[in-house]
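Worksheet for the structure shown next.
Chain naming here is simple, since letters A, B, ... match the order of the sequence lines and numbering starts at 1 in each.
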Amino acid sequence: MKIKRLLSQLVSDSIIESQVSKKLPTIDNFDVIIDRPKIAEHGDFSTNIPLVLAKKCKMSPQKIADIIIENISLNKSLSYVAFANPGFINFFIKNDYFYDELKKIQSQGLDYFKNTLGRKQKLQLEFVSVNPTGPLHVGHARGAVIGSSLYKILKLSDYYVEREYYINDAGNQMRLFNQSLIERIKELINENYHIEDISYPGEYLIDLAKDVSKKLSLSKGSQLNSKNLEKIISLALSITINNIKNTLEKLNVKFDSWFNESNLLDDNFFQKIVKKLSDDQLVFIKDEAKWFKGTKLGLEDDIVVIRSDDGGPTYFGTDLAYHYNKFLIRKFDKVINIWGADHHSHVSRIYSILKAFEINNEKLEIILNQIVNFKNDGNSLKFSKRNNVLVTIDELIDEVGVDACRFIFLSRSPDTQMDFDLKLAKLQSSENPVYYVQYAYARMCSIIRTAKTKQINFSNANLNILTHNDEINLIKKLTQLPEIILKCAQLRQTHHITNFSMELAKLLQKFYESCRVISDKEEEKHLSASRLRLVENSRLVLGYILEIMGMSKPEKM
RNA sequence: GCCCCUGUAGCUCAGUGGAUAGAGCAAUGGUUUCCUAAACCAUGUGUCGCGUGUUCGAUUCACGCCAGGGGUACCA
């Protein structure tokens, strides 16, 4: 990345110099952007500045480029600068530069790929946050996978990141869930009991009821009272959350903090927040409910904060307190919430909360990932807890595998309403890009293993003799990863790194095909050692990438 | 009605204000005395949904339209 800044500086200096010498007219501000051309013939880097300046200078791009190039002297890294139609300046970089970068990768390790985007800001990444009313199903997997990889990307980008799961253990859904559970338990302990209509009819609730009953020694004939009801509910919650944790663990998704919604009600915190808003004329009473005056803050409607029927807080109500807590108690500089698109209506509401508390709205970012259309052999699967058509993440992992599952989710932009065909994912598993990437990794491991058995020493081998096209292309690619990580961090997107992993794997395979690494011939000893050094560093880099993607690094396949 | 997302190769999806729009899968043919053939090589496909505008330049930006999906609760 430094090279881009360097080239940009060279061009800027040249332009300023030309302005001083009156070869170019004076222009107030210009920004020299250095790109990577798509085609190798166009060099390693390019800039379109002649096109940008042409109109302002009233000169042809060719003329401007010639003037700029005149002042640029070649150096240790830069081998050649050329104009290209319709108005680009292309830069060709010496191999020596890339050898030096490769040495840096070797000596600095993961540090080489870091950037300073976050400037040590305290950032909270909140994701998954599914109600503890049952097992996680496939619909929740996308946000989980994206969040867990984004975490690693942001950490490499100089943010202090905390991953949080918000447990909605206090709302209406929880109440309905508990009611359903208790019905199931009544069914267990009373033969004649008939369940009429419950909100959560899923089978997993029967299992949970059995589990809870067993642990609390409830059996046929037991009576329910306020004391064991309380125990049932808290036990069920902890079991459910534990199951969610285990599922996420399997999916390689970890959290630093599990925040209970119910904590917001402790010490009257929630009530105090409502009181504060009432004092500010932002909460009022209507129809025996308390309302947040969203219309005063630019929303179309006012929103209920405290329900009229039982005086309990709504989801939005506790979210007021929750976001107050995030920004004004825990003082996060930045909060990123990853939500499913079904929460879309909530976005403007949350921003109105920030407005109410006078929090800069740039501090909150919401990533909405679009819904996933799960299919089985072309037929859409509709999910509903009611009809018990529910594919859990556990089942998904068993069917498709963690690595493939993660790769598929990571490789799509969150804005895409993606299709996920379970049958196709399984069927194509052997042809899946995920294995292509891992196979490249395994191959590199294999070469290193062979080298070790032959006791070849290569860690300081001379890199200058690596001049094959496929060697150079591979080295160049490795040095490109910092840019990709920065791009992912800036855009809060993960799919650029999966694309990159494919491209890198492809170059590794090409290199493998065209450049025999281990040789017993005496005259090829040096080349062999140099190539081993490249292989080892490529293996390390691909390993970092697999770690960011949360995938396994198979040494053999 | 209003709000959001999407529309790119047969399928699943990347991509970008620029120089020849890409990948994987699928299809066809070829490659193995040699570090892993889960690999490699070769072959083909596009009105970038439609229209107008902004621009030296638009698939990319703006507006309009069409199509698909999601949302629009005193649920979360």
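Among the nucleotides rC56(B), rC74(B), rG15(B), the one closest to any side-chain atom of Val304(A) is rC74(B). You'll find that the side chain of Asn90(A) is closest to rA19(B), out of rA19(B), rC40(B), rU72(B). Here the nucleotide nearest the side chain of Arg516(A), chosen from rC35(B), rC74(B), rU20(B), is rC35(B). The side chain of Gln509(A) has rA39(B) as its nearest neighbour among rC56(B), rA39(B), rA76(B). The Lys38(A) side chain lies nearest to rA19(B) when the options are rA76(B), rA14(B), rA19(B). When the nucleotides rU20(B), rG69(B), rG71(B) are ranked by their closest atom to the side chain of Ile371(A), rG69(B) comes out on top. Picking from rC4(B), rA76(B), rA39(B) the nucleotide with the shortest atom distance to the side chain of His344(A) gives rC4(B). Across rG71(B), rA37(B), rC74(B), the shortest atom-to-atom separation from the side chain of Asp342(A) is found for rG71(B). For Pro86(A), taking side-chain heavy atoms from C-beta onward, the closest of the listed nucleotides rC56(B), rA19(B), rC13(B) is rA19(B). Side-chain proximity of Tyr435(A) to the nucleotides rC4(B), rA39(B), rA38(B) is greatest for rA38(B).
Going from atom CG of Asp419(A) over to atom P of rU12(B) covers 6 Å, rounded to whole Å. If you take CZ of Arg412(A) and C1' of rC11(B), they are 11 Å apart, rounded to a whole angstrom. Straight-line distance from the CZ atom of Arg142(A) to the P atom of rU6(B): 11 Å, rounded to whole Å. Here the C1' atom of nucleotide rA73(B) and the CG atom of Asp302(A) are 14 Å apart, to the nearest Å. Distance Arg443(A) CZ to rA38(B) P: 8 Å, rounded to the nearest Å. Rounded to a whole Å, the CG atom of Asp415(A) is 9 Å from the P atom of rA14(B). Residue Asn432(A) contributes atom CG, which lies 16 Å from atom C1' of rA39(B) at whole-angstrom precision. Distance, Leu299(A) CG to rC2(B) C1': 14 Å, rounded to whole Å.
Residue Leu176(A) is out of contact with every strand shown, counting any heavy-atom pair closer than 4.0 Å. Residue contacts for Lys487(A): at a heavy-atom cut-off of 4.0 Å it reaches the sugar-phosphate backbone alone, with no base atom in range. Pro37(A) comes within 4.0 angstrom of a base, heavy atoms only. Across all strands, His343(A) comes closer than 4.0 Å to base atoms (heavy-atom distances). If you check every strand for non-hydrogen atoms under 4.0 Å, Met174(A) touches nothing. The residue Glu555(A) sits close to a base: some heavy atom pair falls under 4.0 Å. Within 4.0 Å of Ala54(A), counting heavy atoms only, lies no atom of the nucleic acid at all. At a threshold of 4.0 angstrom between heavy atoms, the contacts of Asp287(A) include nucleobase atoms, whether or not backbone atoms are also involved. Residue contacts for Met502(A): at a heavy-atom cut-off of 4.0 Å it reaches the sugar-phosphate backbone alone, with no base atom in range. If you check every strand for non-hydrogen atoms under 4.0 Å, Glu300(A) touches sugar and phosphate atoms only. Using a 4.0 Å heavy-atom distance criterion, Tyr512(A) is classed as a base contact. Residue-level contact check: Asn48(A) touches the bases, meaning some heavy atom is under 4.0 Å from a base atom. Among the atoms of the strands shown, only primed sugar atoms or phosphate atoms (P, OP1, OP2) are found under 4.0 Å from some heavy atom of Thr416(A). Looking at heavy-atom distances under 4.0 Å, Asn168(A) makes contact with sugar-phosphate atoms alone, never a base.
Within the structure, a side-chain polar atom (N or O) of Tyr436(A) is placed less than 4.0 Å from OP1 or OP2 of rC40(B). The phosphate of rA76(B) (OP1 or OP2) has no side-chain N or O of Tyr315(A) nearer than 4.0 angstrom. Regarding contacts with the backbone of rC75(B), a side-chain N or O of Arg307(A) is found under 4.0 angstrom from either OP1 or OP2. The side chain of Lys506(A) contributes an N or O atom lying less than 4.0 Å from OP1 or OP2 of rG24(B).
Phe409(A) pairs by the ring-ring contact (aromatic ring centres under 6.0 Å, His included) definition with Phe420(A), not counting sequence neighbours.
Comparing the P positions of rG68(B) and rU54(B) gives a spacing of 32 Å, expressed to the nearest Å. Here, rA67(B) and rU59(B) have their P atoms 23 Å apart, quoted to the whole Å. Spacing between rC25(B) and rU60(B) at atom C1', rounded to whole Å, works out to 26 Å. Straight-line distance between the C1' atoms of rA26(B) and rC63(B): roughly 39 Å, to the nearest whole Å. Between rA19(B) and rC56(B), the two C1' atoms lie 14 Å apart (nearest whole Å). One C1' atom belongs to rG44(B), the other to rC5(B), and the distance between them is 33 Å to the nearest Å. Separation of the P atoms belonging to rA42(B) and rA23(B) is 11 Å when rounded to the nearest angstrom. rC66(B) and rG24(B) have their C1' atoms separated by 30 Å, with the value rounded to a whole Å.
Aromatic pair Tyr165(A)/Phe127(A): ring centres not closer than 6.0 Å.
Judged by distance alone, with hydrogens and angles left aside, Ser46(A) brings a side-chain donor or acceptor within reach of the base of rA19(B), the pair sitting under 3.5 Å. A donor-acceptor contact under 3.5 Å is not formed by the side chain of Thr314(A) with the base of rC74(B). Residue side chain Gln417(A) does not reach the base of rG70(B) through any donor-acceptor N/O pair under 3.5 Å, judged by distance alone.
The side-chain ring of His495(A) is not stacked on the base of rA14(B), judged by centre separation under 5.5 angstrom and plane angle under 30 degrees. Applying the 5.5 angstrom centroid cut-off and the 30 degree plane-angle cut-off, the aromatic ring of Phe88(A) is stacked upon the base of rA19(B).
Between Arg36(A) and Asp44(A), no side-chain nitrogen of the basic residue sits less than 4.0 Å from a carboxylate oxygen of the acidic one, so the salt-bridge criterion is not met. Taking the charged nitrogens against the carboxylate oxygens, Lys326(A) and Glu126(A) do have a contact shorter than 4.0 Å, which makes a salt bridge. Looking at Arg307(A) and Asp310(A), a side-chain N of the basic residue comes within less than 4.0 Å of a carboxylate O on the acidic one, giving a salt bridge. For the pair Arg533(A) and Glu536(A), the salt-bridge criterion is not met [side-chain N within less than 4.0 Å of a carboxylate O].
The aromatic rings of Tyr166(A) and Phe259(A) sit tilted relative to each other, their planes meeting at an angle between 30° and 60°.
Judged by distance alone, with hydrogens and angles left aside, the side-chain atoms of Asp403(A) form a donor-acceptor pair with the main-chain N or O of Ser552(A) at under 3.5 Å.
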Test salt bridge (Lys or Arg N to Asp or Glu O under 4.0 Å) applied to Glu483(A) and Lys4(A), step by step: CA-CA 10 Å; Glu483(A) 277 173 49; Lys4(A) 276 190 166 184; 3.2 Å; yes

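The nucleotide rC65(B) finds its pairing partner in rG49(B), both defining distances of the Watson-Crick or G-U wobble pair being shorter than 3.5 Å.
Between the side chains of Asn172(A) and Arg175(A), at least one donor N or O lies within less than 3.5 Å of an accepting N or O.
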